[in-house]
Amino acid sequence: MPEAMQTRILAAIRGIPRGKVSTYGDVARAAGHPGAARRVAWTLHRSVGLPWHRVLGAGGEIKLRGDSAIEQRLRLEAEGVAFRGRRVDMKDHRFQNRATRKPRRRKK
DNA sequence: GATATGACGTCAT
DNA sequence: CATGACGCCATAT
């Protein structure tokens with residue numbers, strides 16, 4: 001049911017705290033839909049009133065073009081997010097919780 | 001139902 | 001690091 005999916009994706013996006021960032025893929029996983037990164041991007045484009053600037057592509061790279069990309073970067077820097085070249089320093093600003101954590105297989 | 005599109009991701013080269 | 005191919009999801013026509 002796409003409805004619930006949409007709701008959970010929105011919730012995941014709204015859950016990103018100020019000064020932190022996430023990625024399309026992580027948001028999708030947090031919503032319980034790994035692989036639906038594209039769906040997340042679509043949602044962000046459609047819906048309004050969301051912290052869209054806190055969502056980046058894998059590796060902390062801005063996937064927008066032109067002015068939008070500039071604006072996103074400025075907004076993030078205004079929140080204290082540090083950039084390393086054209087990417088965000090995910091090591092310090094990546095918002096992750098149990099759900100977004102990548103399942104590492106322990107021992108063998 | 002087939003095809004195209006989008007603020008994607010991962011892997012191979 | 002740059003490209004290309006393929007996979008993935010939901011919509012739009």
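In what follows, chains carry the letters A, B, and so on, assigned in the order in which the sequence lines appear, proteins first and then strands, with residues in each chain numbered from 1. Since the structure is predicted, the reported quantities are computational estimates derived from the model, not experimental observations.
Between the CZ atom of A:R86 and the P atom of C:dC1 there is a distance of 11 Å, rounded to whole Å. With rounding to whole Å, A:R8 atom CZ is found 13 Å from C:dA10 atom P. Look at CD1 on A:I9: it is 16 Å from P on B:dA7, rounded to the nearest Å. Atom-to-atom, CD of A:E61 to P of B:dA7 comes out at 15 Å; the value is rounded to the nearest Å. With rounding to whole Å, A:R29 atom CZ is found 16 Å from B:dC8 atom P. Here B:dG6 presents its C1' atom at 11 Å from OH of A:Y24, a figure rounded to the nearest Å. Going from atom NE2 of A:H45 over to atom C1' of C:dA12 covers 15 Å, rounded to whole Å. Whole-Å rounding puts the A:W52 CH2 to B:dA7 C1' distance at 10 Å.
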Atom pairs, N/O to N/O, protein against nucleotides 3-8 of chain C, distance under 3.5 Å?
unit_1, atom_1, unit_2, atom_2, d
C:dG7, O6, A:R38, NH1, 3.2

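Counting side-chain heavy-atom gaps under 4.5 Å among Ile, Leu, Val, Met, Phe, Trp and Tyr, the cluster of A:L74 also holds A:I70.
Evaluation of the side chain to side chain contact (heavy atoms under 4.5 Å, CB included) rule for A:A69 yields A:I62, A:L64 as partners, not counting sequence neighbours. Residues passing the salt bridge (Lys or Arg N to Asp or Glu O under 4.0 Å) test with A:R14: none are found, sequence neighbours excluded. Evaluation of the side chain to side chain donor-acceptor pair (under 3.5 Å) rule for A:R75 yields A:E71 as partners, not counting sequence neighbours. Residues passing the salt bridge (Lys or Arg N to Asp or Glu O under 4.0 Å) test with A:E61, sequence neighbours excluded: none. Not counting sequence neighbours, A:H93 has no partner by the side chain to side chain donor-acceptor pair (under 3.5 Å) test. Scored by the salt bridge (Lys or Arg N to Asp or Glu O under 4.0 Å) test, A:R73 finds A:E77 as partners (sequence neighbours excluded).
Judged by distance alone, with hydrogens and angles left aside, the side-chain atoms of A:Q72 form a donor-acceptor pair with the main-chain N or O of A:V55 at under 3.5 Å.
Listed nucleotides: B:dC8, B:dA7, C:dT11. Nearest to the side chain of A:A37: B:dC8.
The P atoms of C:dG7 and B:dA7 are separated by 22 Å, rounded to the nearest whole Å.
Heavy-atom distances to DNA chain C give each of A:W42 and A:R87 a nearest nucleotide, and the one nearer the 5′ end belongs to A:R87.
Ion pairing between A:R94 and A:D26 holds under the 4.0 Å rule for side-chain N and carboxylate O.
For residues 63-82 of chain A, proximity to DNA chain B is found at A:K63, A:L64, defined as any non-hydrogen atom under 4.0 angstrom from a strand atom.
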